[in-house]
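Shown next, in structure tokens, is the structure this report addresses.
Since we're looking at a predicted model, the values are computed, not measured. Lettering follows sequence order; numbering is per chain, from 1.
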2 protein chains.
Amino acid sequence: MTKPLGEFDLIARFFTRPPRRAVLGVGDDCALLAAPPADERLAISSDMLVEGRHFFADADPEALGHKTLAVNLSDLAAIGAKPLAFTLAMALPEADAGWLAGFSRGLLNLADRYDIELIGGDTTRGPRNLCVTVLGTVPQRAALLRSGAKPGDDLWVSGTVGDARLALGHRLGEWTLDAPEQTATMLRMDRPEPRIALSLALRGVAHAALDMSDGLLADLGHILRASGVGATVEADACPASAALRTQELPRRRLCQLAGGDDYELLFTAPQAARRAVEEAAEQAATPVTRIGRIDAEPGLRLIDALGRVLDNAYAGFDHFRPSSSPP
Amino acid sequence: MTKPLGEFDLIARFFTRPPRRAVLGVGDDCALLAAPPADERLAISSDMLVEGRHFFADADPEALGHKTLAVNLSDLAAIGAKPLAFTLAMALPEADAGWLAGFSRGLLNLADRYDIELIGGDTTRGPRNLCVTVLGTVPQRAALLRSGAKPGDDLWVSGTVGDARLALGHRLGEWTLDAPEQTATMLRMDRPEPRIALSLALRGVAHAALDMSDGLLADLGHILRASGVGATVEADACPASAALRTQELPRRRLCQLAGGDDYELLFTAPQAARRAVEEAAEQAATPVTRIGRIDAEPGLRLIDALGRVLDNAYAGFDHFRPSSSPP
């Protein structure tokens, strides 16, 4: 049984901690933070997670707390920024102490692991909606922009790709996974791990980067447009988990090329930096794999292991296009 | 007729402008901002506006765009910070170009007036929800905290108080206003004006401040708790608009003492600074009025013009308490 709690009680009970770096944290009209050193840039990103679209209504609150912050940390990783602080604004249908306890635990445990501080926010009643704004810092010249890809660059991904989409297909009834496959892939969907360590190690090595949330090819499209280049991708070079490797090829390709939500990094680096990329990966204890190259010729070419051109039927995900059907 | 638009088209069409202060604006994984000077603090606040709670479903989109940013600028005013940049995350039930045109116009016009830059955000489908995170700067010693009130301080308000609640009561059918009263008060509810100029002029003069959104007495309670002091408030000293002055006394008191959403500043300053407060008000072209004093004795005492103690029946607004009934 949960007793109704006041808004201020709720915030105090689950989210207030003594400020650390913040001069002033949760509770005043604004949080106050010391300015970063003059040669650093502030990196800022906001992500909004909506029930029924980005997560299911029955999502485990602890995993959801983790994911809410993880997708924002992933935006910092995408640009090479070190996590600094974040705000949390949320609309909730009711003040459920059990849900809030789990959610805040998942959120703050991840925050502690990456030494990022919750400094403020807002709580209101409404259809469940979780909006985090994250702040990080990155030296002026080290930022990994989408616009930095150069012809001849290798194209790399971190970790394995496609598990979140494989799990989603099972949840949506598109296909059926056995129990161990479910466990392994659901974890990828529900508790993505932001690639902060790899991102910081790639500063000064990678030319361009982003975190994949819309699908590999759709996200690659963002880099190509921003950099004014093209790319050739080897469709089956993407590393797959054991669960995904057992799937038939069309499903595997769908999950790897069009599936989103793995939050792995997609990045480019000069061929001359292959050794440096591998060292960065080792330092960050994060596997990386070369899956293609950046071309001067515009457009995106998908090839198989024998170099034959494949039809690219893996359109990206767009929240407002009538044809899209993500969670 | 509105054609369905893609998410990225939408953002580009209505919200993308060339970055000014931002090194990198809308479109990458994060926005990048230059660090403020070392002696400045970064002030950060997030506010979430939910349809059916903070605004009506048929709200004029341009006014709503104005209000969405105005309530966040008001948080900067509450702490004495100069506006710098903001992000906008929004869930929308559909991609309606007409609505977006109006909303972005109201939002960006206000942004231009206060020289604050939209640097990033997120757009997704869902029940309408608008979340702005605002960044500002304030010199280390000039921040107007809730915890700064001292016994003997005067208690001041800016502008007139109570119109937003008067307009809301008409919309909810609690009472009926005639047409000119409606026009005047609806404008206060729908297009609040953040008190940035006054706030900046009060740096180094005021001891404590906040912007009133929950109701004068509820908001004063935040200052009293944070500062460990009490206060005596003269119930009818609050300035009222011409429309509110024609109302019967109980309704006027309800609107002024318990009504929120006027976004006027409530602040304290030492008696010795009365002249300085008046000069700040003149400089900012914003009227201010003394309505009480801060006491060493805890608690909040409400008195009438003759000094008689009144019963304080004006509880604050709390989004999660079952008894609250705001929009």
Side-chain angles (χ1 to χ4, degrees), chain A residues 4-8 10 23-24 27-38 40-48 50 52-54 75-76 78-79 81 85 87 89-91 95 119-127 129 131 133 135-136 138 143 145-146 210-211 226 318-322, chain B residues 4-8 10 23-24 27-38 40-48 50 52-54 75-76 78-79 81 85 87 89-91 95 119-127 129 131 133 135-136 138 143 145-146 210-211 226 318-322:
Chain A
L5 290 168
E7 176 182 0
F8 302 110
L10 280 181
V23 181
L24 184 72
D28 212 295
D29 298 289
C30 295
L32 294 180
L33 272 182
E40 300 258 325
R41 300 294 192 199
L42 268 175
I44 301 143
S45 181
S46 293
D47 264 328
M48 181 173 266
V50 176
R53 175 149 292 263
H54 302 95
D75 282 321
L76 292 182
I79 208 158
T87 63
M90 52 184 177
I119 54 168
D122 193 12
T123 318
T124 184
R125 193 186 286 271
N129 184 309
C131 185
T133 298
L135 300 174
V138 57
L145 306 187
R146 295 179 174 191
L210 52 64
D211 64 319
D318 184 332
H319 290 278
F320 279 112
R321 286 203 192 280
Chain B
L5 290 168
E7 178 182 3
F8 303 110
L10 278 181
V23 180
L24 185 71
D28 213 294
D29 298 288
C30 295
L32 294 180
L33 272 181
E40 300 257 327
R41 300 294 191 200
L42 268 175
I44 301 144
S45 181
S46 292
D47 264 327
M48 180 173 266
V50 176
R53 175 149 291 262
H54 302 94
D75 282 320
L76 292 182
I79 208 158
T87 64
M90 53 184 177
I119 55 168
D122 194 13
T123 317
T124 184
R125 193 185 287 271
N129 183 310
C131 185
T133 298
L135 299 174
V138 57
L145 306 187
R146 294 179 174 193
L210 53 64
D211 64 317
D318 183 332
H319 290 279
F320 279 113
R321 287 202 190 280

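In this structure, Thr124(B) and His54(A) approach most closely via the heavy-atom pair OG1-CE1, 3.0 Å. Considering every non-hydrogen atom in both Ala91(B) and Met48(A), the closest pair reads N-SD, 3.3 Å.
If you measure heavy-atom distances from Leu76(A) to chain B, the contacts under 4.5 Å come from both the backbone and the side chain. Neither the backbone nor the side chain of Ala226(B) comes within less than 4.5 Å of any heavy atom in chain A.
Most heavy-atom pairs under 4.5 Å with chain A, from the set Pro37(B), Ala78(B), Ser46(B), Ser45(B): that is Ser46(B). Put simply, of Asn129(B), Thr87(B), Val50(B), Asp75(B), the one with the most heavy-atom pairs under 4.5 Å next to chain A is Asn129(B).
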- Message: As a quick check of understanding, evaluate side-chain contact (heavy atoms from CB on, under 4.5 Å) for Ile44(B) and Thr133(A), giving each step before the final call.
- Response: CA-CA 10 Å; Ile44(B) 301 144; Thr133(A) 298; over 6 Å; no
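Cys30(B) contributes atom SG, which lies 9.5 Å from atom CG of Leu135(A) (distance to the nearest 0.5 angstrom).
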